[in-house]
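Atoms within each ligand, like the ligands themselves, are counted from 1 in listed order. No hydrogens, no waters, no symmetry mates; every other heavy atom, side chains included, goes into these values.
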Amino acid sequence: MSQVLGKQQQQQQQQDEEEEEEEDELVGLADYVDGPDSSDADPESGAEEGVLDFSDPFSTEVKPRILLMGLRRSGKSSIQKVVFHKMSPNETLFLESTNKICREDVSNSSFVNFQIWDFPGQIDFFDPTFDYEMIFRGTGALIFVIDSQDDYMEALARLHLTVTRAYKVHPDINFEVFIHKVDGLSDDHKIETQRDIHQRANDDLADAGLEKIHLSFYLTSIYDHSIFEAFSKVVQKLIPQLPTLENLLNIFISNSGIEKAFLFDVVSKIYIATDSTPVDMQTYELCCDMIDVVIDISCIYGGFSPPQMLRKLRTINSSFTFTLSGSALSKPPRRWSRNPL
Ligand SMILES: Nc1nc2c(ncn2[C@@H]2O[C@H](COP(=O)(O)OP(=O)(O)OP(=O)(O)O)[C@@H](O)[C@H]2O)c(=O)[nH]1
């Protein structure tokens, strides 16, 4: 009996030592992660934000992780705040530079359920305290933000370094490149910039013998719906049920005479799925505006403030199908006031 107990004690001791070693390996990350005094958390958003628990990377809960990376001032935090915190684009002018990794849980519904990690622009992969392997290992999508209004040569070099490192650790990551702040470019300039960035980024990968890495490119701006559309596509790739949802929406429109159907996450206004007819931006914008109207009217007649309403929507079920019939589509999109009062 005493022999058995002795063996158990030994095993326990060994386990404790192993756990201590694991914690030591992760300590390097602590320098980059928001501490408990982080003031970033938005109490109204319902999103959990803040300290990274060291045990977290090995947690049994599987939540896709989306990383936001890019040079300083490229617009990473603005994207996160506008899409997930309802911050108005003009308010992002006052955002301070991020100096630690900010992690946020987005759990609006069973489909929109992931983590976003916003990285400081100055992060250095060669810093020995930066445990990039641990970060990339659990990543579903890596969004690299490039400021299109700036000289993007340095950003392209950083994109190459980031993508090649991440690919070596976890080849299944979706690499998404946001060519951002395109509101400042003319239509011709937008297309030319996208072509140039696409060409250079893929040439760099081909030179490194890594042409099998696929990069997806999006033209984005926080001043219109392009950022919501791009984020929708990023999130959709992480939803395993996407083909089933698309099939259901196809069946729905073919049996109802409705022209276009979106399955929306109301809280963030990203769409989780749509039928297989092409998406045109005007239709998507119209649906987003209609969602705002529904929320605004519910606030007036339901006696809720907009944040209360958003919280209520989160607790009920924030995904619902938004459909447009032919007559709605034939009218030009109306600009609805965000505040009906
Ligand atoms: N014109 C324009 N400006 C934008 C856009 N997105 C962000 N910005 C501006 O870009 C500036 C930098 O934005 P941040 O979100 O702080 O950039 P960041 O990448 O998080 O910066 P770091 O935290 O330093 O890494 C802010 O003044 C934003 O208002 C956009 O789509 N268009």
Side-chain angles (χ1 to χ4, degrees), residues 29 31-35 37-42 45 47 49-50 52 65-104 106 115-127 130 132 135 141-159 161-163 175-187 189-191 193-194 197 217-234 268-270 281 284-285 288:
L29 188 64
D31 296 340
Y32 290 101
V33 178
D34 251 356
D37 56 347
S38 164
S39 56
D40 257 347
D42 173 3
S45 74
E49 189 169 9
L52 178 71
R65 187 183 296 164
I66 299 178
L67 309 184
L68 272 170
M69 294 183 145
L71 293 187
R72 293 189 67 180
R73 314 300 290 159
S74 52
K76 302 175 291 297
S77 308
S78 307
I79 293 173
Q80 192 192 1
K81 297 284 177 198
V82 168
V83 176
F84 296 103
H85 293 257
K86 301 279 148 260
M87 183 179 271
S88 90
N90 287 331
E91 281 177 67
T92 64
L93 290 167
F94 309 105
L95 281 178
E96 284 183 12
S97 199
T98 317
N99 53 15
K100 290 175 176 180
I101 297 172
C102 295
R103 192 196 72 165
E104 178 179 347
V106 178
Q115 285 184 350
I116 296 191
W117 289 31
D118 180 8
F119 282 72
Q122 69 274 21
I123 213 150
D124 178 7
F125 286 108
F126 296 107
D127 186 331
F130 181 64
Y132 66 87
I135 290 170
L142 191 161
I143 300 176
F144 194 92
V145 184
I146 297 180
D147 182 348
S148 65
Q149 295 185 17
D150 202 6
D151 176 18
Y152 46 73
M153 290 308 154
E154 195 191 337
L156 283 171
R158 182 68 75 90
L159 168 70
L161 179 70
T162 311
V163 164
F175 295 107
E176 320 279 5
V177 182
F178 284 8
I179 303 169
H180 193 52
K181 306 193 189 178
V182 291
D183 48 275
L185 310 184
S186 67
D187 283 349
H189 198 174
K190 268 185 212 173
I191 294 165
T193 307
Q194 180 170 18
I197 290 180
F217 295 87
Y218 309 82
L219 291 168
T220 56
S221 164
I222 53 168
Y223 287 95
D224 59 31
H225 289 80
S226 58
I227 193 62
F228 294 92
E229 217 213 344
F231 232 105
S232 302
K233 290 185 176 154
V234 171
S268 60
K269 285 190 290 187
I270 57 184
M281 200 63 172
Y284 175 62
E285 284 178 20
C288 288

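Below 4.0 Å from some heavy atom of G121 lie the following atoms of ligand 1, by number and element: 25 (O). Close contacts of ligand 1 with T92, meaning ligand atoms under 4.0 Å from a residue heavy atom, involve 26 (C), 27 (O), 28 (C), 29 (O). Those atoms of ligand 1 with a heavy atom of S221 less than 4.0 angstrom away are 31 (O). Near S74, with a cut-off below 4.0 Å to any heavy atom, the atoms of ligand 1 are 17 (O), 19 (O). Less than 4.0 angstrom separates some heavy atom of L93 from each of these atoms of ligand 1: 27 (O), 29 (O). Proximity to S97 (heavy-atom distance under 4.0 Å) selects the following atoms of ligand 1: 22 (P), 23 (O), 24 (O).
Just one of K181, H180, H225 meets the side chain to side chain donor-acceptor pair (under 3.5 Å) condition when paired with T220; it is H180.
Nearest heavy-atom pair across S226 and L219 is CB-O, 3.6 Å. Here the closest non-hydrogen pair linking D118 and S77 is OD2-OG, 2.7 Å. Residues R73 and L95 come closest through the heavy atom pair NH1-O, 3.6 Å.
Nearest to atom 6 (N) of ligand 1 among the protein's heavy atoms is H180 NE2, 2.9 Å. Shortest contact from atom 14 (P) of ligand 1 to any protein heavy atom: S78 OG, 3.5 Å. If you check which protein heavy atom lies closest to atom 10 (O) of ligand 1, you get K181 NZ, 3.0 Å. The protein heavy-atom contact nearest to atom 17 (O) of ligand 1 is G75 N, 3.1 Å. For atom 19 (O) of ligand 1, the closest non-hydrogen atom of the protein is K76 NZ, 2.7 Å. Residue, atom and distance of the protein heavy atom nearest to atom 31 (O) of ligand 1 are I222 N, 2.9 Å. Nearest to atom 21 (O) of ligand 1 among the protein's heavy atoms is R73 N, 3.0 Å. Ranking protein heavy atoms by distance to atom 23 (O) of ligand 1, first place goes to T98 N, 2.6 Å.
Taken from OG1 in T92 to NZ in K81, the straight-line distance is 11.5 Å, to the nearest 0.5 Å. The distance from the CG atom of L68 to the CD1 atom of I143 is 5.0 Å, given to the nearest 0.5 Å. Summarising the geometry, atom CG belonging to L156 is positioned 9.5 Å from atom CG belonging to L71; distances are rounded to the nearest 0.5 Å.
In terms of polar-atom proximity, S77 is counted as a contact of ligand 1, with an N or O under 3.5 Å from an N or O of the ligand.
Heavy atoms of D183 found under 4.0 angstrom from ligand 1 belong exclusively to the side chain. Of all the heavy atoms of Q149, the ones lying under 4.0 Å from any atom of ligand 1 belong exclusively to the side chain.
For the pair V106/I116, a side-chain contact is recorded, criterion being any heavy-atom separation below 4.5 Å from C-beta on.
Judged by distance alone, with hydrogens and angles left aside, the side-chain atoms of K76 form no donor-acceptor pair with the main-chain N or O of V145 at under 3.5 Å. Side-chain atoms of R158 never come within 3.5 Å of backbone atoms of M69 as a donor-acceptor pair (strictly under, hydrogens ignored).
In this structure, F231 has its ring center closer than 6.0 angstrom to the ring center of F84.
Residue contact annotation: Q80 has no non-hydrogen atom under 4.0 Å from ligand 1.
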